[in-house]
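Indexing begins at 1, ligand by ligand and atom by atom, following the structure's order. We number each residue from 1, following the sequence as shown.
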Amino acid sequence: MSQIRLLSMDFDGTLVRDWAPPPYPKTLVRTLNQLRCNGVLIAVNTGRTIHLVEEGLEYTGFPIRPDFALTTEREVFRWNGSFWEDFGEWNSQCQQEHETLYSKAEGLLLEIEEFVGSKTAARLYYEENRFSGVVSRTNSEMDDICQFIETQRLGFPEFAYQRNAVYLRFCHVAYHKGTALAELQRLTDISSEQTFAVGDNFNDLPMLNLTFARFLACPSNAIEDVKATVRNQGGFVATQDSGLGVHEALRHYLPDLLA
Ligand SMILES: [Mg+2]
């Protein structure tokens with residue numbers, strides 16, 4: 001039997017969907033509860049902030065409260081039974097590194113702001129009063145913005161971004177869903193060999209890597225880059241979308257446990 005002890009799962013487009021009701025299938029909930037009874041830990045690994053994780057759980061009615069929430073593609077929170085708390089020192093270290101990054105990248109950020117404002121109809125996105133990302137109208141507009149940033153950041157290798165369809169957030173190159181997951185593994189003493197990861201978009205690519213998870217999967221609605229990445233590493237590309245696809249992948253990897 002496979003030794004999966006930790007699930008690292010994207011939320012939007014993976015556990016839940018917004019393009020057709022219901023947002024998640026009951027079979028997935030049963031499966032996750034069954035795994036939880038067997039000691040498997042559940043982490044949502046998302047681009048949402050911790051506040052928006054709560055909102056997402058409430059809005060969709062998703063009935064499983066994760067043990068951990070890895071948020072904004074970089075922070076690590078633990079549910080302590082009453083509220084979300086920082087798990088270890090990671091979040092404060094992450095915050096500090098981003099303060100430094102933002103002050104060093106001031107010029108680059110101005111160039112991006114100028115490009116987005118003058119060449120596109122995309123919207124600048126602020127977190128804590130700081131220009132921290134972009135929301136475009138279309139995927140192709142975001143392709144152009146990414147291309148611009150790729151060129152401009154050549155002299156600044158620490159500066160990176162995470163993209164989820166038309167959403168983009170700037171970050172330090174060392175922080176993404178993969179490294180946040182690695183920190184959670186370190187804190188829980190669970191290895192990548194015992195980890196399952198599933199996601200559907202660009203910002204999931206860093207965790208959909210054998211370095212961070214032995215068991216890789218994506219739902220059928222995943223973008224082509226994600227499907228290729230999962231397939232090329234021997235992972236599982238589901239035939240069904242979002243939650244049904246996750247359910248399909250878990251059954252694929254855990255046929256005995258979920259018989
Ligand atoms: Mg997603």
- Please confirm if an N, O or S atom belonging to Asp204, backbone or side chain, lies less than 2.8 Å from the Mg ion (ligand 1). no
- If you stand at the Mg ion (ligand 1) and look out to OD1 of Asp200 and OD2 of Asp10, what angle do those two lines make, to 10°? 80°
- Task: Among the N/O/S atoms of Asp12, select the one at the shortest distance from the Mg ion (ligand 1) and name it.
- Result: O
- Message: Within a 6.0 Å radius of atom OH on Tyr59, are there more than 12 heavy atoms belonging to other residues, nucleotides or ligands?
- Response: no
- Query: Can you find a pair of side-chain heavy atoms, one from Phe170 and one from Tyr102, that are under 4.5 Å apart?
  - Reply: yes
- Counting heavy atoms not belonging to Asp189, are there more than 12 under 6.0 Å from its CG? no
- Item | Nearest heavy-atom neighbours spanning Asp10 and Asp12 | OD2-O, 2.9 Å
